[in-house]
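Counting starts at 1 for both ligands and their atoms, following the listed order.
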Amino acid sequence: MADTAKLELLPAVDVRDGQAVRLVHGESGTETSYGSPLEAALAWQSAGAEWLHLVDLDAAFGTGDNRELISEVARAMDIKVELSGGIRDDDSLAAALATGATRVNIGTAALEDPEWVAKIIAEHGDQIAVGLDVRGTTLRGRGWTRDGGDLYETLARLDSEGCARYVVTDIAKDGTLQGPNLQLLKDVCARTDRPVVASGGVSSLEDLRAIAELVPLGVEGSIVGKALYAKAFTLEEALEAVSR
Ligand SMILES: O=C(O)c1ccccc1N[C@@H]1O[C@H](COP(=O)(O)O)[C@@H](O)[C@H]1O
């Protein structure tokens, strides 16, 4: 990536039981509800977002799914959509791609079904990202409830299979407003030449500027969740903060 590129921002809409929610450390039961997912997504689009990070949390946790609602939201967007949660087999992948999402983010399946993930990377290329959701350097799957191997071993495997991009979440930071794990992002960027999307912990415009400093290392974007819903700053302010 060229050093002059600006950091992309991906406001998040995580859906649980039909509502836009934020979790703390991704733990089921910690939800704060923020109402209609479609209204939230449209608000981020109106505020100037170029991307929406849309997550079906029920599908990620295995507590059902919000497939129709997720599809409705994705189809209503004029902006790019990154779709996550419960994409683990041909049926769920087909449904995700049928929403018109620009790319889909694979978590659990990258840990539990490497052959399938290698196949879909080969078939769909840039439309597939892998979510590397970590505690320390241990990957977590199935709603972040189960260990799924070593971060760097998995990264090396996925790199060799041609994975186009990684979404790196520090679970210890996610939903806490405690700042991103910049060292983790630097460490991942040092181990891959593929673009990295940062996730977890953003609390301030300063945090976003700090992540933007990592663009020359390979950080392409940052997901922003709780800070927007908690009104720590507006999306307009965030976009301005990372514009160059
Ligand atoms: O985004 C969250 O807060 C979250 C919390 C707990 C589990 C998953 C979460 N989000 C994203 O869901 C996908 C993983 O889904 P799957 O394992 O492929 O079914 C991944 O992008 C997570 O970052």
Side-chain angles (χ1 to χ4, degrees), residues 10-17 19-34 37 40 51-67 70 74 81-93 95-97 101-114 116-117 120-121 127-135 138-149 151 154 158 163-178 180-181 184-185 188 196-202 221-229:
L10 298 85
V13 174
D14 289 15
V15 182
R16 185 118 210 231
D17 201 16
Q19 297 292 299
V21 301
R22 302 308 307 161
L23 307 179
V24 181
H25 301 309
E27 283 175 16
S28 188
T30 64
E31 291 89 342
T32 303
S33 183
Y34 294 95
W51 277 97
L52 177 71
H53 177 74
L54 182 59
V55 183
D56 188 340
L57 281 178
D58 284 301
F61 283 119
T63 53
D65 66 67
N66 300 274
R67 207 179 264 193
I70 291 278
V81 174
E82 174 178 271
L83 189 51
S84 291
I87 304 166
R88 301 180 186 175
D89 55 23
D90 287 333
D91 173 62
S92 49
L93 176 63
L97 293 174
T102 308
R103 67 177 179 242
V104 301
N105 194 20
I106 309 294
T108 300
L111 312 178
E112 297 186 358
D113 198 351
W116 180 71
V117 172
I120 65 170
I121 287 171
Q127 283 184 289
I128 306 292
V130 168
L132 300 170
D133 304 323
V134 293
R135 275 196 181 276
T138 301
L139 291 156
R140 302 279 282 175
R142 299 209 169 250
W144 300 351
T145 60
R146 278 199 216 161
D147 283 352
L151 167 61
T154 302
L158 290 162
C163 184
R165 172 177 284 96
Y166 303 102
V167 179
V168 176
T169 304
D170 182 351
I171 294 169
K173 296 280 193 176
D174 201 58
T176 66
L177 297 174
Q178 288 178 352
N181 186 340
L184 172 67
L185 296 170
V188 172
V196 167
V197 177
S199 174
V202 169
S222 176
I223 293 168
V224 192
K226 193 150 199 175
L228 287 174
Y229 290 89

Closest by any non-hydrogen atom to atom 4 (C) of ligand 1: pick that one out of Asp133, Val130, Leu57, Thr145. Leu57

Quick one: which of Val130, Asp147, Thr154, Asp133 gives a side-chain contact (heavy atoms from CB on, under 4.5 Å) with Leu139? Thr154

For ligand 1 and Asp14, I'd like to know whether there is a polar contact (N/O to N/O, distance under 3.5 Å). yes

Candidate list Leu54, Leu52, Val167, test side-chain contact (heavy atoms from CB on, under 4.5 Å), partner Glu82, passing option: Val167

Is Gly85 near ligand 1, meaning one of its heavy atoms is under 4.0 Å from it? yes

Report yes or no: does a heavy atom of Val167 sit under 4.0 Å from some atom of ligand 1? no

Which residues pass the ring-ring contact (aromatic ring centres under 6.0 Å, His included) test with Phe61, not counting sequence neighbours? none

Which residue and atom name correspond to the protein heavy atom nearest atom 18 (O) of ligand 1, and how close is it? Gly107 N, 2.9 Å

Give the intermediate values and the outcome of side chain to side chain contact (heavy atoms under 4.5 Å, CB included) for residues Leu151 and Leu184. CA-CA 11 Å; Leu151 167 61; Leu184 172 67; 3.9 Å; yes

Provide, to 0.1 Å, the distance between atom 17 (O) of ligand 1 and the closest protein heavy atom, together with that atom's residue and name. Thr108 OG1, 2.4 Å

If every non-hydrogen atom of Ala12 is compared with every non-hydrogen atom of Ile223, which pair is closest and at what distance? CB-CG2, 3.9 Å

In ligand 1, which numbered atoms sit nearer than 4.0 Å to a non-hydrogen atom of Asp174? 3 (O)

Which atoms from ligand 1 have a heavy atom of Arg88 less than 4.0 Å away? 16 (P), 17 (O), 19 (O)

Could you tell me whether the side chains of Arg146 and Thr108 share a donor-acceptor contact shorter than 3.5 Å? no

With only distance considered, is Thr169 within less than 3.5 Å of ligand 1 through an N or O on each side? no

I need the nearest protein heavy-atom contact for atom 10 (N) of ligand 1: residue, atom name and distance, please. Val55 CG1, 3.6 Å

Atom 21 (O) of ligand 1: the protein heavy-atom neighbour that sits closest, reported with distance to 0.1 Å: Asn105 ND2, 2.8 Å

Stepwise side chain to side chain contact (heavy atoms under 4.5 Å, CB included) check, Leu23 with Glu31: CA-CA 5 Å; Leu23 307 179; Glu31 291 89 342; 3.2 Å; yes

If we only count N/O pairs under 3.5 Å, is His53 in contact with ligand 1? no

Which ligand 1 atoms are under 4.0 Å away from a heavy-atom of Ser84? 13 (C), 21 (O)

What are the atoms of ligand 1, with element, lying closer than 4.0 Å to any heavy atom of Phe61? 6 (C)

Name all residues meeting the side chain to side chain donor-acceptor pair (under 3.5 Å) criterion together with Arg135; count only those two or more places apart in sequence or in a different chain, and write none if there are none. none

Would Gly26 count as a polar contact of ligand 1, with the cut-off being nitrogen or oxygen pairs under 3.5 Å? no

shortest atom 7 (C) of ligand 1-to-protein heavy-atom contact is with Gly143 CA, 3.5 Å

Trp144 N/O to ligand 1 N/O under 3.5 Å: no

Side-chain donor/acceptor of His53 to backbone N/O of Pro11, under 3.5 Å: no

Side chain to side chain contact (heavy atoms under 4.5 Å, CB included) between Ile128 and Leu93: does it pass, once the steps are laid out? CA-CA 10 Å; Ile128 306 292; Leu93 176 63; 4.1 Å; yes

Just checking Asp17: does its CG atom have more than 12 heavy atoms from other residues, nucleotides or ligands closer to it than 6.0 angstrom? no

Would you check whether Gly86 has a nitrogen or oxygen atom less than 3.5 angstrom from a nitrogen or oxygen atom of ligand 1? yes

